[in-house]
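First the proteins, then the strands, lettered A, B, ... as listed; each starts at 1.
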Amino acid sequence: MPYDPKRIEPRWQATWREHATFRAEIDPRKPKYYVLDMFPYPSGAGLHVGHPKGYIATDVLARFKRMRGFSVLHPMGWDAFGLPAEQYAIETGTHPRVTTRRNIETFKRQIDALGFSYDWSREIDTTDPGYYRWTQWIFCKLFERGLAYEAEVAVNWCPALGTVLANEEVIDGKSERGGHPVVRLPMKQWMLRITAYADRLIADLDGVDWPEPIKKMQRDWIGRSEGAQLRFPVADHTDLAIEVFTTRPDTLFGATYMVLAPEHALVGVITTPAQRSAVAAYVEAAARRSERARVADAKTKTGVATGAFAVNPGSGERIPIWIADYVLAGYGTGAIMAVPAHDERDFEFAGQWGLPIRKVVDVKGQELPSTGEGVSVASGFISGLPTAQAKRRIIDWIESESHGKGAVTYKLRDWLFSRQRYWGEPFPVLHLEDGSVKLVGESELPLRLPELDDFRPVGDRETPLERATDWIVTTDPATGRPARRDRNTMPQWAGSCWYFLRFVDPRNDTAPFSPEAERYWMPVDLYVGGAEHAVLHLLYARFWHKVLYDLGLVHTVEPFQKLVNQGMILGASYRYFDDNISDDPSVNPRRYSFREVRASGEGSVASSDGRPVRARFVPNDQVQHSGDGGFQHASIPGLELEEVIEKMSKSRGNVVNPDEVVAEFGADSLRLYELFLGPIDKEAPWTTEGILGVFRFLQRSWRLLVDEDAPGEPARSLPEGIGTPAQARLLATTVQGVSDDVEAMRFNTAIAKLMVFVRDIARDAPIARDAADAFVRLLAPFAPHIAEELWERLGHRESIAYAPWPAADPALLVAETVTIAVQVNGKRRAEVEVAANAGDDALRAAALADANVQRHLEGRTPRKVIVVKGRLVNIVI
RNA sequence: GCCCGGGUGGCGGAAUUGGUAGACGCGCUAGCCUCAGGAGCUAGUGAGGGAAACCUCGUGCUGGUUCGAAUCCAGUCCCGGGCACCA
């Protein structure tokens with residue numbers, strides 16, 4: 001029987017399911033290994049081949065660790081609250097619960113077909129009241145500790161999405177999802193005090209094994225800066241002072257003016273009558289100016305003088321107070337002392353408005369503006385001090401003179417935690433008539449979402465939950481007094497902030513998880529997911545985990561010991577351009593190939609007449625090779641197409657559905673191919689031809705052990721033992737190499753080594769039984785279905801899932817002879833075969849004896865001979 | 001603008017971290033097998049020269065260090081990602 005994945009794979013998947021092969025058990029006799037994928041949002045579109053790449057990698061590790069004797073926790077679940085299901089509900093009236101359930105079914109079916117070793121008995125769905133009960137419970141803990149509070153804050157309101165967004169979800173004034181415009185509005189919102197953990201979120205990064213760039217992004221996001229807070233008295237206003245934050249208090253004597261953000265509270269108070277109209281106009285213009293426009297011309301710094309003056313507490317000078325939008329209202333105190341000599345922005349601004357520039361730090365080799373460290377000059381009592389000392393001295397002075405104090409500020413803001421949506425966790429709180437807020441009792445959790453049949457927001461800036469009147473209006477069970485429920489829900493991040501903890505004990509209904517399970521399984525040993533979660537999800541989850549640590553509920557400060565970001569799988573799409581910008585179906589568009597088009601501003605234009613054009617993506621079945629290596633349209637003659645390799649997406653028509661790949665080549669081939677493509681953390685393009693290579697490898701592996709033409713024969717009859725010395729050595733190096741590669745997640749080279757084994761093992765003699773046994777075990781983590789099948793055919797009764805991983809005989813890893821390269825003046829001239837333990841003299845002799853080497857020496861005596869044992873000999877003449 | 005990655009055959013990628021560049025795979029070429037094959041098997045495949053033995057060149061570019069550089073250093077050019085007036 002030939003290799004037939006369609007017969008093998010469903011059979012073994014069913015066997016694993018029936019025997020609960022992958023159920024994770026707490027086993028104190030075994031070391032544990034917790035390997036986790038970032039759980040997906042089950043979208044309606046289903047999976048494409050890019051999604052499972054990380055899941056394949058973690059599955060290989062999970063299976064490998066099981067065979068190495070670890071008790072492995074490898075779970076999967078669904079991050080199922082979120083906007084798309086709600087949007088779909090608004091459009092169609094289908095309840096998000098229905099959509100969510102359907103999507104989960106599709107995802108689960110697709111994932112299951114790939115033969116992953118998940119413990120499905122631990123499946124989690126964040127929308128399950130049995131789960132979000134504990135999400136609400138954790139919120140209560142946050143509230144009790146003063147880490148959740150309501151505040152009237154200027155929020156990012158997105159009219160198109162009908163909700164507020166966290167700062168992190170807004171990019172260039174547009175929503176991260178969908179790119180809709182966002183406006184700033186004051187609203188009462190739930191906030192989480194993540195800033196209280198800022199220092200620990202930075203410090204504890206040192207202890208985790210994460211990619212350095214990700215750590216750096218988190219540190220930058222938190223944006224800690226040390227310096228001083230300083231008060232500058234406003235001249236002629238005895239009771240007013242402007243608070244500023246600076247990281248360079250040592251430059252105080254060089255502060256020649258001040259700048260307030262246009263939104264600063266003092267602007268209206270201190271502006272002189274003469275400047276009032278100019279200032280008012282500027283403030284209004286700044287408020288209207290979009291984020292994008294402000295960033296776009298960051299080069300020119302606009303501003304206007306208030307007419308007021310402040311007193312520099314260092315020099316005692318009167319310095320003018322300006323307003324300008326290059327000072328951000330939201331950072332520090334919304335005001336700065338401007339030191340044009342030592343800050344590029346202040347330097348530009350001063351140059352533009354003719355403000356004085358005073359050098360107070362001598363920085364070697366730098367002209368003004370010099371922002372580096374140096375030695376203070378013209379700065380009174382700190383003159384002559386190097387920057388670090390000058391900072392300390394002046395902070396001491398500031399504090400003793402009560403001008404301010406040493407201070408630390410962060411870029412990180414408190415986390416805006418409420419959304420004006422339906423499909424999320426309700427807040428477990430009651431709003432009482434006196435304006436106070438109290439938690440609902442723990443016994444009343446979960447506070448379930450009320451049923452609705454209309455999911456649209458009510459009016460402007462209101463929430464869909466407003467429609468559930470008899471849910472909103474309630475009484476406080478403790479006092480019987482009237483109360484209202486919160487009309488907001490939690491953001492999608494909430495459920496993913498702690499799901500990795502629920503997995504350790506997912507059916508517990510008296511606690512979020514038991515201390516025993518947490519102590520055994522946590523922390524996550526390996527966490528794999530996309531780099532797009534580098535900041536948000538990982539920062540939020542770490543924050544919650546630290547709060548739980550402070551509550552004594554978890555025993556490690558960090559949840560994820562090792563983090564790996566898998567690279568994307570890219571798809572090829574093919575495009576041309578046309579001038580039908582408005583997508584009008586009635587016009588007959590003029591078409592252009594990519595050669596007739598150039599980029600211009602936001603879009604593309606035809607090179608010939610400069611008219612705007614739009615890219616059109618062609619379905620793959622309409623793409624033909626055009627002989628010269630290019631591509632052309634199948635049904636529009638002469639239309640040249642451009643190949644674009646990019647992220648798979650529906651709109652590009654470049655998605656590859658794993659179902660089709662599995663149907664044609666099987667799950668084992670898909671798994672092997674995605675790993676074989678290259679390093680796990682790099683992106684790589686998918687090609688349909690490429691998968692043939694790994695499919696052939698599996699066929700060869702099959703034929704190595706199964707005689708296809710012998711019906712009824714489960715496997716070839718193999719000689720006992722380990723085979724010839726050469727075979728034994730090949731096995732040993734393969735075992736060693738594959739083991740090392742898997743441990744280091746170098747899956748591509750591990751597979752290459754398995755291919756070499758299959759190619760060479762039966763070259764001179766049939767493969768021996770022990771070698772076959774070992775090979776199938778090496779193959780098992782990568783291609784588990786074919787491995788189970790072969791394992792059974794080799795006569796084993798138990799699943800290969802827990803068969804012990806083979807060990808390499810160290811004696812066999814040392815080759816008897818080695819091939820040494822011989823160089824003359826650094827150029828390779830020969831290879832000689834010598835005994836592996838040959839000494840330097842023997843190597844030298846062997847090298848000099850070679851005919852080609854002698855030819856290049858041309859009778860000259862070597863000046864120097866460099867011998868590298870086991871590698872090469874270099875003869876220098 | 002700043003900060004990270006990364007530039008190796010026609011393509012995806014290897015290279016024990018300073019020691020035979022191109023493992024493995026795709027594609028391509030030739031042969032075998034086959035009624036047939038987008039199947040299978042065998043061999044070849046960086047470029048140029050040469051019947052061959054071999055020779056020259058070759059890891060984005062320009063220099064440098066070294067017996068020896070894809071790997072280290074300096075400069076420079078591209079590509080991808082992140083941040084973007086954070087005081």
Distance-only side-chain donor-acceptor flag, A/Thr749 / A/Asp741, under 3.5 Å:
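Yes - a donor-acceptor pair under 3.5 Å links their side chains.
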
Side chains of A/Ser370 and A/His342: do they bring a donor and an acceptor to under 3.5 Å?
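Yes, A/His342 and A/Ser370 have a side-chain donor paired with an acceptor closer than 3.5 Å.
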
Once you apply a heavy-atom cut-off of 4.0 Å, does [X] come out as touching a base, just sugar-phosphate, or nothing?
X        : answer
A/Lys827 : sugar-phosphate
A/Arg700 : sugar-phosphate
A/Arg746 : nothing
A/Glu689 : sugar-phosphate
A/Asp343 : nothing
A/Leu677 : sugar-phosphate
A/Asn852 : sugar-phosphate

Roughly, in whole Å, what's the span from [atom1] in [X] to [atom2] in [N]?
X        : N     : atom1 : atom2 : answer
A/Arg828 : B/G18 : CZ    : P     : 22 Å
A/Leu779 : B/C24 : CG    : P     : 18 Å
A/Lys869 : B/G18 : NZ    : P     : 20 Å

Using only heavy-atom distances, decide whether a donor-acceptor pair under 3.5 angstrom links the side-chain of A/Arg829 to the base of B/U20.
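Side chain to base: no pair below 3.5 Å.
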
For B/A15 and B/U34, measure between their C1' atoms and round to the nearest Å.
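Each nucleotide's C1' atom is 40 Å from the other's.
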
Establish, with yes or no, whether the OP1 or OP2 oxygen of [N] is under 4.0 angstrom from a side-chain nitrogen or oxygen of [X].
X        : N     : answer
A/His856 : B/C55 : yes
A/Thr819 : B/U20 : no
A/Arg703 : B/C41 : yes

Distances under 3.5 Å only, N/O to N/O: pair up the protein atoms with those of nucleotides 33-35 of chain B.
none

Begin with the C-alpha distance, continue with both residues' side-chain angles, and end with the deciding distance and a verdict on side-chain contact (heavy atoms from CB on, under 4.5 Å) for A/Leu705 and A/Arg716.
CA-CA 6 Å; A/Leu705 303 177; A/Arg716 296 177 190 278; 5.8 Å; no

Does the distance from a Lys or Arg side-chain N to an Asp or Glu carboxylate O, for A/Lys216 and A/Asp220, drop under 4.0 Å?
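Salt bridge present between A/Lys216 and A/Asp220.
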
Starting at the 5' end of RNA chain B, which residue's closest nucleotide do you reach first, A/Arg696 or A/Tyr331?
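Result: A/Arg696.
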
Contact nearer the 5' end of RNA chain B, comparing A/Glu344 with A/Val868
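Counting from the 5' end, the first nearest nucleotide belongs to A/Glu344.
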
Got a list of protein N/O to nucleotides 2-7 of chain B N/O distances below 3.5 Å?
residue : atom : partner  : partner atom : Å
B/C3    : O2'  : A/Lys216 : NZ           : 3.0

Pairing partner of B/U59 (Watson-Crick or G-U wobble, both distances under 3.5 Å):
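Per the H-bond distance test, none.
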
Using purine N1 to pyrimidine N3 plus N6-O4 or O6-N4 for Watson-Crick, or N1-O2 and O6-N3 for G-U wobble, both under 3.5 Å, which nucleotide pairs with B/U66?
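B/U66 is paired with nothing.
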
Find every protein N or O atom lying less than 3.5 Å from an N or O atom of nucleotides 49-51 of chain B, and list the pairs.
none

